Student: 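One structure follows; several queries about it will come next.
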Protein chains: 2
Amino acid sequence: MADQIISDRLRAAGLRPTRQRLALAALLLSAGPRHLTAEMLYDEVRKAGVTVSLATVYNCLHQFTQAGMVREVVVDPGRSYFDTNVSEHHHFYHEATGTLTDIPGETIPLGTLPAAPEGKVIDRAEVIIRLRDA
Amino acid sequence: MADQIISDRLRAAGLRPTRQRLALAALLLSAGPRHLTAEMLYDEVRKAGVTVSLATVYNCLHQFTQAGMVREVVVDPGRSYFDTNVSEHHHFYHEATGTLTDIPGETIPLGTLPAAPEGKVIDRAEVIIRLRDA
DNA sequence: ATAGCTGCAAATGCTTTGCAAGGCC
DNA sequence: GGCCTTGCAAAGCATTTGCAGCTAT
């Protein structure tokens, strides 16, 4: 993905296209769907030769999440995954390996969701299918 | 719930019915469905006048989980909830207040789940409906 | 008696924060 | 120049662990 495009996306989100943010966004958005922890992204970006601190990776991931560029997935107490696929879809989670996999969007027809309790609205529904070895 | 019954359940799980475990299990199992964090349970059991350490609460919660007496629910990065309702059901999660609520079992017909990837089997499928204020 | 539990405190792992220095517009 | 960002290190939480002492059977 061209730096220019990423640069524009960052600007559109109100984020200045700094070297760190460009590098992180490029890694996240250039490949296909990915599921990464902050630590994994940190390792990647440093291997790519960019100087970044882990704190900045966390900060950027949250900024990107807020901007709708990635989505946070909670499957493991004490570790957050970030998903570069922000479209409606669900996940397999293989606990033994800590691996997240997308379930194609259409595969689970959630049908009619139950009504939200009084005074609240549904933000989103997510399905997690936990796997173990056969 | 009679101490005797709880005692038997612990024994059946291969756990010695110690004072701490009896107190914790009684709090968890005597009332209706509940969603508690370790810290919440710790506060309760101490208010009930029982001497327990937080470490023991964690240990017991995991033992109870393994024994199928409670279920762990992961909705919040960095905090685990334990659900005393171990039957098939799903959850509303209100992020603003950190409140978990059961969705009655029949309300979400998950229908045909997608096949698990090669070499894996489905452990269980859970649906989390995230809520925000209207 | 003895295998299993518990408490405490220390350690761990992930994540966040405070603040001075640096970079983008 | 001014404001936003970053880096580093320290702080913060929730959770786990090691180990000596206690307890249920």
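As the structure is a prediction and not an experimental result, all values here were calculated from the model. Proteins get letters first, then strands, A, B, ... in listed order; numbering begins at 1 in each.
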Student: Sugar-phosphate means primed atoms, P, OP1 and OP2; the rest is base. With that split, encode nucleotides 19-25 of chain D 5' to 3' as B, S or - using protein heavy atoms under 4.0 Å.
Tutor: ----BBS
Student: Nucleotide range of DNA chain C contacted by chain A, 5' to 3', under 4.0 Å to a heavy atom?
Tutor: dC14(C) to dC25(C)
Student: Rounding to a whole Å, what distance do you find between R21(A):CZ and dT6(D):C1'?
Tutor: 10 Å
Student: For V75(B), is there any backbone N or O sitting under 3.5 Å from a side-chain donor or acceptor partner on R130(B)?
Tutor: yes
Student: Sorted by first residue and then second, give each salt bridge (charged side-chain N to carboxylate O under 4.0 Å, His left out) pair with at least one member in residues 34-45 of chain A; sequence neighbours left out.
Tutor: R34(A)-E44(A)
Student: I need the residues from residues 58-78 of chain B with at least one non-hydrogen atom less than 4.0 Å from DNA chain D; give them sorted by number, or say none.
Tutor: Y58(B), N59(B), H62(B), G78(B)
Student: Would a 4.5 Å heavy-atom cut-off, applied to side chains only, mark K120(B) and D133(A) as touching?
Tutor: yes
Student: Please list all pairs meeting salt bridge (charged side-chain N to carboxylate O under 4.0 Å, His left out) that have one or both residues in residues 71-84 of chain B, counting only residues at least two apart or in different chains.
Tutor: D76(B)-R79(B)
Student: Should L61(A) and L41(A) be marked as a side-chain contact (heavy atoms from CB on, under 4.5 Å) after you check the CA-CA gap, both sets of side-chain angles, and the distance that decides it?
Tutor: CA-CA 9 Å; L61(A) 278 172; L41(A) 181 56; 3.8 Å; yes
Student: With sequence neighbours excluded, tell me which residues meet ring pair (Phe, Tyr, Trp, His ring centres under 6.0 Å) with H94(B).
Tutor: none
Student: Under the side-chain contact (heavy atoms from CB on, under 4.5 Å) criterion, do I103(B) and I129(B) qualify, and how do the steps go?
Tutor: CA-CA 9 Å; I103(B) 298 174; I129(B) 301 186; 3.7 Å; yes
Student: Compute the bend angle of the helix from dA1(C)-dT25(D) to dC25(C)-dG1(D) from the end axes (five pairs per end), rounded to 10°.
Tutor: 30°
Student: Would you list the atom pairs, donor with acceptor, under 3.5 Å between side chains in residues 11-18 of chain A and any protein atom, with sequence neighbours excluded?
Tutor:
residue: R11(A); atom: NH2; partner: S7(A); partner atom: OG; Å: 3.4
residue: T18(A); atom: OG1; partner: R21(A); partner atom: N; Å: 3.3

Student: Mind checking who shares a hydrophobic cluster with V74(B), ILVMFWY linked at side-chain heavy-atom distances under 4.5 Å?
Tutor: V74(A)
Student: Looking at the side chain of S53(A), which of dT15(D), dG7(D), dC4(D) is the nearest nucleotide?
Tutor: dG7(D)
Student: Side chains of F64(A) and L24(A), heavy atoms from C-beta outward: is any pair under 4.5 Å?
Tutor: yes
Student: Do any pairs count as a ring-ring contact (aromatic ring centres under 6.0 Å, His included) and have a residue in residues 12-47 of chain A, sequence neighbours left out, and if so which ones?
Tutor: H35(A)-H91(A)
Student: Given the rule that I, L, V, M, F, W and Y join up when any side-chain heavy atoms are under 4.5 Å apart, are V45(A) and L28(A) in one cluster?
Tutor: yes
Student: Nearest nucleotide by nearest heavy atom, which residue falls closer to the 5' end of DNA chain D, A55(B) or R46(A)?
Tutor: R46(A)
Student: Between M69(B) and L10(B), what is the shortest heavy-atom contact and its length?
Tutor: CE-CD2, 4.1 Å
Student: Would you jot down, in residue-number order, the residues of residues 33-43 of chain A having a non-hydrogen atom under 4.0 Å from DNA chain D?
Tutor: none
Student: Can you hop from Y93(A) to L131(A) via hydrophobic side chains spaced under 4.5 Å?
Tutor: no
Student: Do any side-chain atoms of residues 49-56 of chain A form donor-acceptor pairs under 3.5 angstrom with protein atoms, and if so which ones, sequence neighbours left out?
Tutor:
residue: S53(A); atom: OG; partner: T56(A); partner atom: N; Å: 3.2
residue: S53(A); atom: OG; partner: T56(A); partner atom: OG1; Å: 3.1

